[in-house]
Structure formats: structure tokens, C-alpha cells
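For reference, the structure discussed in these notes is given below.
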Number of protein chains: 2
Amino acid sequence: MATDTKARILDAAESLFADHGFPATSLRDITQEAGVNLAAVNYHFGSKEALLISVLERKIAPVNRTRLAQLEALETAAGADPVPTEDLVRAFLTPLFETWGKHGQGLPKFMKLVGRIHAEVDQDVRTKFIKQFDTVLQRFSAAFHRGLPHLDAIEVQWRVLFLVGSMAHTMTWGGSIVTMDGQVCHDPEEIFEALIQFSTAGMGAPVLQPVAVASRRGAR
Amino acid sequence: MATDTKARILDAAESLFADHGFPATSLRDITQEAGVNLAAVNYHFGSKEALLISVLERKIAPVNRTRLAQLEALETAAGADPVPTEDLVRAFLTPLFETWGKHGQGLPKFMKLVGRIHAEVDQDVRTKFIKQFDTVLQRFSAAFHRGLPHLDAIEVQWRVLFLVGSMAHTMTWGGSIVTMDGQVCHDPEEIFEALIQFSTAGMGAPVLQPVAVASRRGAR
DNA sequence: GAATAATTCAAACGTTCATTTGAATCATAC
DNA sequence: GTATGATTCAAATGAACGTTTGAATTATTC
């Protein structure tokens, strides 16, 4: 079955890319984990890099589409008013975490992959795939700015960068969070809500007065 | 000159690890960039992985030491009172950004490296080096919790994770931020202050009421 | 300046990598 | 049931990898 082979490769690649990253994962690792022949990857996908693109397309493209759809729904509902910041944060983060529940098996591999993609992928792969993601960022940045008109456009972009960073890092390392007394938390819902609280507050943070900046610098 | 060779290797490795990541950078890339013989890396450092450790030690270990020193100074000054959240955020972020000014040349490579380290490095390298960083995280988490007693300990840890994520992502990608009208911002001071505002507000975000969580979930 | 140690060097080591090849196997349609 | 196309397979290709080697070179010590 051709479909089965392709899907097994995609699953194995997703899992291994998530755990060890793209450069450190070999096609032999992938095909062995998938239980298929080594040549199958190049037969079905053309190259290792094309496989990565396919892995990303399969899981992340729908997430970005949902993000944009939710954003448009929010803007339509808000009419002339700006969409509340927290609603925007939720529209940005929810589609990612909802894919979680659909798979269910423990800590989802593809979330770690998402985290890695934002930090690890080389510039050319990034530009090849991430154009779609950049569109999402631009649209959300504009929407955030509408609700935070006192901020510079560039300041909004930074805050969106910070938001993405929190999200990506949580994807990668959220599974290995350990409390001081040795307990591990695996509940995605709780981390998700905590991230939303953190991000919403961060996005809406007050602007620092320049004079205050100077006086506070290098606090000790 | 032995010292010179070692330093040139460290500089080249720092730059290339930052640009392309650890697995994607070969010793041949490094030695060519450094203008030294291929065997010099194994002679002076023992292995590629040991070279990475050395690169990290040279730049990041002092940062973590400064962080802990600033934290202790803050706690001493505060006495029985908890240290203000913003002061803790600054004590955590300032040492990293200050290394910036010391080097000056454009966007510092080692900052990108720092960003990558938090997302890319394999588990064993991470555990080998990051133990020191984990200590820093634990100490700061405890200090944050003292000023945010209404939060669970685990919630504080999450927020510190978010903070680290914002920081790491900014290190890696902050240099490629572009405004909607095509302008690029390279001023580290501004990004730094924006990050502090974002993180301070995020760390001190209110806790969501459980009932409110349920009603808001899946907002559209 | 001879002896000793430290460093550099070109070359090779064995391994692993992504990719290709061509025959074998499978499914499908006539 | 034979022909056709799609897929799988074992094997090989050539390149790149980290590392090692032993001689050549440089620096240090007496």
C-alpha cells in the first residue's frame, strides 16, 4: 500500500525530527522506525528536505489556516472595534493546542517539532515554508496594533516575536518541566491557559517612559 | 601560537554554530574559517562536542554567574521583603544583553548561539552543560514565587519557561525583525526594554478563575 | 645549539550520510 | 493470465563526516 508507506514515513519523520532535530536525524533512522525500505523516502518525497516540508505542511499548514479563519471571524464580529487582545492571543494559540487533543498519545511529537522549526531550521527551508507563517504574523500584528494603538508598530512586532518565542519554547521543552519536588506536569490544558495569561499580559504591557528606562537600567 | 589557534577556533565555531547550528556545522567549516589545520580542533579540544562545551563555557558561564550575583545582591537589599518582579526580570536578562555592548560588532553571533542552545542542543549535551543553567532557573523561580505567592510553584515555573522562550527566540531571530514598511531595527536597547516590559507584565499576570477558563475555552 | 616538548600539518582512517540504480515484487486492467 | 504501471528491495555510489596518525615544524629549556 503506497498510502500506508507515505504515512508511516511522515509519522516516523515527525517523531524523530521532533526528538532529535532535522540535521541530526538520518533517513536510515526514519525508514527503520517506519519499517520501510531506505529508498522509499526518495521515491515518495524526492529528498530529505522535501520530506521535512511535507511533514510541516501536513500538520502546520492547517493550523495556520485555522488561525487566519479565527482571526477573520473575530474581526468580523468586532466590526469597527478592535478585537480584544486576549481573544487574539487565543486565536493564535488555540489552533496549535487543539491538534493536541486530536492525537492524544502522550505529549505530541509534532508540538516539539513546531518548537524546533522556529529555532533550528536553516534559512532556506525557513523561507521556503515559513512565508505562510509570516503572513499569519503580519495579519496578527496588525490586529494587535489596532487594539494597542499607543504602541509603535515595531513594538507590536517585537511583542509578537516574544509571544511566538514563549509558544515555541513551551512546545519544545514544556514536556520536561519538573517542579522542585520532582513532580512532572503533563497537562496541556494547564500549560496552555498559563501561556495565554502570560502572553495576554505581556502583549498589553504598559510602555515604559524613556526617563524611567534610563534610571532603571542596570538595576542591582 | 597555541593561544591564538585556540581562540580563533572558538571564535569561528561560535560564529558558525550561531548561524547554522551545531549539527549542521562541520569541523572543516570551522577550521577553514579559523584558518587553522583540521586536526587542531581535536588536538586542542578533544572532540567537536567538547568544542561546543568550550564555546558555551567561555561566553555563557560568566553570564550565569552574573545573574546569580545580581540575584543575591537584590535579595540582600530586599531583606525580608520579596524582590520586585521587574527587578528579577532585569537581573535575569541584563547580563545577557550587556555582553552585547562589550563586543559591539553588528548583531553579536553568540546571542544567536544562546538562542539556539535552548532549542537545538541534544539532551546529553544539554544535561552536561545546562546543569548550571538549571540552577539559575531554580533560584530565579524561587525568587519570583516569593513575590507572587498567590501562584502555584508550578505556575511560576511555567512562566519562567515562557520568559526563557521569549528571550531565546529574540536572541535567534531578533536580528531579522522587519517592520511592515520594510525597515529593520537593530537597536538592542529597544528590543531589550521591550522584552523586559513584556516579560514583567507576563510574570505578574493575574491568575485566571477556573470558571472563567471553562467559559472562555475555544473562543471564536 | 642540542635536547625536549608543544604544536602544526597533510594524509588517511573507518563510518555514515543522502541519493541512485536496476532487478524483483506487487497491484491493476484488459 | 498476461501486460502494464506502481512500488519495494538489496546493493552500491560518491561525498562528507569526526577522528587518528606520524612526520614536520616550531617553541622552550638547559
Side-chain angles (χ1 to χ4, degrees), chain A residues 1-58 113 116-117 120-126 128-129, chain B residues 1-58 113 116-117 120-126 128-129:
Chain A
M1 313 174 181
T3 303
D4 189 51
T5 300
K6 275 184 95 163
R8 291 160 66 110
I9 292 174
L10 284 170
D11 289 340
E14 184 177 302
S15 172
L16 291 170
F17 287 160
D19 280 344
H20 308 111
F22 176 70
T25 303
S26 72
L27 292 187
R28 285 167 175 82
D29 294 337
I30 295 169
T31 51
Q32 181 175 331
E33 170 107 349
V36 302
N37 187 270
L38 170 61
V41 169
N42 284 279
Y43 175 77
H44 285 286
F45 298 95
S47 72
K48 183 187 178 185
E49 190 173 293
L51 170 61
L52 173 62
I53 304 285
S54 291
V55 169
L56 296 179
E57 281 288 351
R58 183 175 68 151
L113 175 65
R116 282 193 185 275
I117 288 311
E120 186 181 58
V121 157
D122 220 28
Q123 200 65 27
D124 57 331
V125 176
R126 185 176 165 84
K128 198 172 292 180
F129 173 79
Chain B
M1 314 171 183
T3 304
D4 189 50
T5 299
K6 275 185 93 162
R8 289 160 66 109
I9 291 174
L10 284 171
D11 289 341
E14 183 177 304
S15 172
L16 291 171
F17 287 161
D19 280 343
H20 308 112
F22 175 72
T25 303
S26 72
L27 292 186
R28 285 165 175 83
D29 293 337
I30 295 169
T31 51
Q32 180 175 332
E33 169 109 348
V36 303
N37 188 270
L38 169 62
V41 169
N42 283 280
Y43 176 78
H44 285 286
F45 298 94
S47 72
K48 185 187 178 186
E49 189 172 296
L51 169 61
L52 173 63
I53 304 283
S54 291
V55 169
L56 295 179
E57 281 288 351
R58 183 175 67 151
L113 176 65
R116 282 193 185 275
I117 288 312
E120 186 180 58
V121 157
D122 219 29
Q123 200 66 27
D124 56 332
V125 176
R126 186 177 165 85
K128 199 172 292 180
F129 173 78

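Every chain is numbered from 1, with letters handed out A, B, ... down the list of sequences.
- Base contact: Ala39(B) has a heavy atom under 4.0 Å from a base atom.
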### Task
Decide side chain to side chain contact (heavy atoms under 4.5 Å, CB included) for Arg8(B) and Asp4(B); before the verdict, give the C-alpha distance in whole Å, the side-chain angles of both, and the deciding distance to 0.1 Å.
CA-CA 6 Å; Arg8(B) 289 160 66 109; Asp4(B) 189 50; 3.3 Å; yes
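- His20(A) and Thr25(A) get closest at one heavy-atom pair: CB-OG1, 3.8 Å.
- When the P atom of dT20(D) is taken as reference, atom CZ of Phe45(B) falls 16 Å away, rounded to whole Å.
- Side chain of Lys6(B) to backbone of Phe45(B): no donor-acceptor contact under 3.5 angstrom is found.
- Using a 4.0 Å cut-off, some side-chain N or O of Thr5(A) falls inside it from OP1 or OP2 of dT8(D).
- Closest contact between the side chain of Tyr43(B) and the listed nucleotides dA6(C), dT19(C), dT8(D) involves dA6(C).
- OP1 or OP2 of dT8(D) lies within a sub-4.0 Å distance of a side-chain N or O belonging to His44(A).
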Quick one: side chains of residues 31-42 of chain A, donor-acceptor pairs under 3.5 Å with protein atoms, not counting sequence neighbours, listed by atom name and distance.
unit_1	atom_1	unit_2	atom_2	d
Thr31(A)	OG1	Leu27(A)	O	2.9
Thr31(A)	OG1	Arg28(A)	O	3.3
Asn37(A)	OD1	Ala39(A)	N	2.9

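- When the side-chain nitrogen and oxygen atoms of Asn42(A) are compared with OP1 and OP2 of dA18(C), none of them lie within a distance under 4.0 Å.
- The closest donor-acceptor contact from the side chain of Ser54(B) to the backbone of Ala50(B) lies under 3.5 Å.
- Axis angle between the ends of the helix from dG1(C)-dC30(D) to dA27(C)-dT4(D), five pairs each and rounded to 10 degrees, works out to 10°.
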Just the table, please: protein N/O against nucleotides 13-17 of chain D N/O, every pair under 3.5 Å.
unit_1	atom_1	unit_2	atom_2	d
dC17(D)	OP1	Ser26(B)	OG	3.3

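- Comparing dT19(C), dT8(C), dA10(D) by their closest approach to the side chain of Asn37(B) singles out dT8(C).
- With rounding to whole Å, Gln32(B) atom CD is found 13 Å from dG18(D) atom P.
- To the nearest 0.5 Å, the span separating CZ on Phe22(A) from NZ on Lys48(A) amounts to 4.5 Å.
- Map Leu38(B) and Val41(A) each onto its nearest nucleotide of DNA chain C; the residue landing nearer the 5' end is Leu38(B).
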